[in-house]
Amino acid sequence: LTRQNQQMRQDLKRDGITDLKTYGDEKSSVSGAVAQTLLDPIHHCFFHKITQVRSAAVQVICLVLHQGLLHPISCIQYLIAICTDIDEPNRVKAEQTLIELDGKYPLFLHSQFFPGLRESFKLQTSLFNAHPVRGFRNNPPISLLSHVYALIRSSKAHRHSQLVTMIKQFDDYKKTDINLLLYIADNLAHMSYQIIEEPLFVIHHVALLISTSGSTYLEQAKDAVYGRDIAETIKDEDEEEIDEIDAVEDLPRLTEVLVSCQSCTLLILLKKHLMTQYNLTDKRCHEFSPLESTKVYEKQITRHSNAAYDPSPVLSAIHQLTLDVDYESEEFEKSALQYYKEFRDLMTQQDLSEFKCSDSEHEDADKSLKYYERRKELPVKPRKERKPRASKTPNKEAKKRKLSKTPAKKVKKKRRRYVLNSDSEFSEQDDSDEDYDGT
C-alpha cells in the first residue's frame with residue numbers, strides 16, 4: 001500500500017494535479033461516460049449462451065451500480081431477466097442487487113417488472129432452443145419470477161397492477177406471441193402466493209376476460225362453420241352435432257379463429273389449475289370482489305398439490321393448426337371441427353358454472369323472501385298489557401310533602417350537671433330537678 005501511495009503521488013505531481021477532489025470527480029465522470037457508452041453491448045451479453053460471459057456482464061453492471069455511475073432504471077429489467085438464469089451464482093447476485101435497489105428506489109422495480117418479464121422470456125428462449133419455453137422450475141414447480149414477485153407483493157396496489165398487466169396480454173392474441181402467453185401463464189400458475197386474496201384476484205380477472213373474449217371467439221368460429229346467415233338462426237342449445245356437418249363454410253377463417261382462441265383456452269386451463277391447487281370452489285370465486293377489503297381474504301394459504309400447469313391441449317392444437325395446414329385435406333377439416341367442439345364445450349362449462357353460482361344466489365334470496373312471507377301470514381298474538389312496575393326508590397317530593405303535613409316534634413334533651421353537696425361529694429342532677437339552683 002505504501003508503494004502504491006507513492007506511485008499515485010508521483011503520478012499526480014507529474015500531471016500537475018493538486019486537488020484530489022477534482023481529480024476524483026474527473027475520474028468518475030470519465031468512468032460514467034465509458035460505462036454509458038458500453039451499456040448496450042454489456043446488456044447484450046446478458047443473453048449470451050456461455051455462462052462465463054453472462055457472469056462477467058452481471059459483475060460489471062452490479063459494480064457500476066454500486067459506484068453510482070449509471071441510473072438504476074436502465075439496468076433493472078436486465079437484472080430481473082438474470083434472476084431467471086440457470087446459473088445459481090448469477091441469480092443470487094442479481095437478486096441481492098435488486099433487493100438493495102428496491103430499498104432505495106421502490107418505484108423503479110414496480111415500473112420495470114413487466115419489461116423484465118419480457119427480457120426473461122428472451123433469455124430463456126436464447127438458453128433453450130426447444131419450444132415452448134416454460135416459466136417455472138420443477139421439483140416442486142415454482143415460478144421463475146417468484147423472487148421478484150415477493151419484492152413487489154408487499155404493496156397491494158402495485159401487486160394488483162402487475163397481475164392485471166400480465167392478464168391483459170391475453171386480450172389480443174395478434175399483439176402477443178402464444179409462446180410468451182404460455183410463459184406468462186406458467187408464472188401466474190406457480191407464483192408464490194401467500195394469502196387467499198392473490199389467487200382469487202387472478203381468477204376474478206381471468207373469468208372476466210374469458211366471458212368477453214371467449215364469447216367473441218365462439219361467435220366468430222360459429223360463423224365460419226355454418227355461415228353467418230345460418231349461424232344467426234342457430235341457438236347454443238339447438239346447435240347441430242359436429243359429425244353431421246358435411247363441410248365447413250370457411251375453413252381458413254375457422255383455422256385463424258381457432259389459433260387465436262388458444263389464448264382464451266390458456267386462461268380457462270389457468271383458472272382450473274388455480275382452483276384445484278388452492279381448493280377453491282366456484283361459489284367462492286364468484287362471491288369474491290376486489291373492492292371488498294375484509295380480513296377473510298388475508299388468511300394464509302397453502303398448496304394442496306404440486307401438480308404442474310398442463311397446457312398440452314393448447315400446444316397440440318397450435319402444432320396441428322399452424323404447421324400441418326392443408327385446407328383441401330379431409331383429415332385437417334375434421335381436426336379443425338374437433339378443436340371447435342372442444343372449445344365450445346369449455347365455454348359451455350364456464351357458462352354453466354357461472355349460472356349455477358348466480359342461481360344459488362337467487363335461491364338464497366327466494367328462501368329468505370319466502371321465510372318473511374310466512375312470518376307475515378302467521379296470526380299475530382295480542383300482547384298483554386303490563387302493569388307499571390313500582391319504583392324501588394321512593395319519590396322524594398312525596399316524602400317531603402308528607403313530612404310537611406305532620407312535622408316531627410322536637411324532643412328536648414336533658415342536660416346532666418354535677419353539683420357539690422354539703423358533704424363535699426359530687427352528685428348528678430338534671431335541669432328539670434326542682435332543687436337545682438344552677439350552682
Side-chain angles (χ1 to χ4, degrees), residues 163-164 166-173 176 178 181-182 184-186 188-189 193 196-226 231 234-242 254 256-290 304-305 307 309-318 321 336-364:
L163 292 175
V164 170
M166 294 170 69
I167 295 170
K168 281 185 177 179
Q169 303 304 312
F170 295 83
D171 194 12
D172 193 356
Y173 170 75
T176 311
I178 189 65
L181 294 180
L182 175 58
I184 295 173
D186 281 336
L188 287 172
Y193 302 124
I196 196 171
E197 187 265 346
E198 296 174 80
L200 284 175
F201 182 85
V202 175
I203 292 172
H204 174 77
H205 284 274
V206 164
L208 290 178
L209 192 55
I210 291 172
S211 62
T212 54
S213 62
S215 58
T216 304
Y217 287 134
L218 191 60
E219 290 296 327
Q220 293 176 357
K222 188 185 295 186
D223 293 343
V225 172
Y226 301 104
I234 297 176
K235 296 181 180 180
D236 294 337
E237 59 269 13
D238 299 331
E239 189 174 356
E240 298 177 4
E241 291 294 332
I242 301 298
L254 177 62
E256 182 183 355
V257 174
L258 289 176
V259 173
S260 301
C261 74
Q262 297 308 314
S263 60
C264 186
T265 308
L266 282 175
L267 290 178
I268 295 174
L269 297 176
L270 174 62
K271 179 183 175 183
K272 289 183 177 180
H273 175 81
L274 289 176
M275 292 176 65
T276 306
Q277 195 85 345
Y278 297 102
N279 196 18
L280 300 173
T281 60
D282 290 328
K283 185 178 180 181
R284 186 159 195 184
C285 296
H286 186 74
E287 292 175 350
F288 173 76
S289 175
H304 292 267
S305 66
Y309 176 64
D310 183 20
S312 55
V314 176
L315 300 178
S316 62
I318 291 175
L321 294 173
L337 289 172
Q338 183 64 30
Y339 288 128
Y340 165 69
K341 182 180 178 181
E342 291 175 359
F343 180 68
R344 186 193 63 181
D345 294 341
L346 285 175
M347 291 301 301
T348 303
Q349 291 176 4
Q350 296 298 314
D351 295 338
L352 285 175
S353 62
E354 292 183 2
F355 178 75
K356 287 180 181 179
C357 293
S358 60
D359 195 19
S360 63
E361 290 181 359
H362 290 305
E363 286 180 359
D364 295 339

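Atom set for the values below is all heavy atoms of this structure, side chains included, hydrogens, waters and symmetry mates excluded.
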Look up atom [atom1] in [X] and atom [atom2] in [Y], then write down how far apart they are to the nearest 0.5 Å.
X: Cys264; Y: Leu181; atom1: SG; atom2: CG; answer: 11.5 Å
X: Tyr278; Y: Ser305; atom1: OH; atom2: OG; answer: 9.5 Å
X: Lys168; Y: Thr176; atom1: NZ; atom2: OG1; answer: 13.0 Å
X: His304; Y: Thr276; atom1: NE2; atom2: OG1; answer: 10.5 Å
X: Met166; Y: His205; atom1: CE; atom2: NE2; answer: 13.5 Å
X: Tyr217; Y: Thr212; atom1: OH; atom2: OG1; answer: 9.5 Å

**OP:** Give the C-alpha distance, both sets of side-chain angles, the deciding distance and a yes or no for side-chain contact (heavy atoms from CB on, under 4.5 Å) between Tyr339 and Cys261.
**Re:** CA-CA 10 Å; Tyr339 288 128; Cys261 74; over 6 Å; no
With heavy-atom distances below 4.5 Å as the criterion, would you say the side chains of [X] and [Y] are in contact?
X: Ile184; Y: Phe170; answer: yes
X: Thr265; Y: Gln262; answer: yes
X: Leu188; Y: Leu274; answer: no
X: Ile203; Y: Leu280; answer: yes
X: Gln350; Y: Leu346; answer: no
X: Met275; Y: Asp282; answer: yes
X: His273; Y: Asp310; answer: no
X: His204; Y: Pro290; answer: yes

I need the minimum non-hydrogen distance between [X] and [Y], along with the two atoms involved.
X: Ala336; Y: Leu254; answer: CB-CD2, 4.2 Å
X: Ile178; Y: Ser263; answer: CD1-N, 4.3 Å
X: Gln277; Y: Ala307; answer: OE1-O, 3.8 Å
X: Tyr309; Y: Ala185; answer: CE2-CB, 3.8 Å

**OP:** Start with the C-alpha gap between Ile210 and Met347, add the side-chain angles, then the distance that decides, and say whether side-chain contact (heavy atoms from CB on, under 4.5 Å) holds.
**Re:** CA-CA 8 Å; Ile210 291 172; Met347 291 301 301; 4.2 Å; yes
Subject >> Any donor-acceptor pair under 3.5 Å from Tyr340 side chain to Leu218 backbone >> reply: no
Subject >> Intermediate values then yes/no, side-chain contact (heavy atoms from CB on, under 4.5 Å), Val314 and Leu182 >> reply: CA-CA 9 Å; Val314 176; Leu182 175 58; over 6 Å; no
**OP:** Just grab all the salt bridge (charged side-chain N to carboxylate O under 4.0 Å, His left out) pairs involving residues 196-213, residues at least two apart or on different chains.
**Re:**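 Qualifying pairs, neighbours excluded: Arg153-Glu198, Arg159-Glu197.
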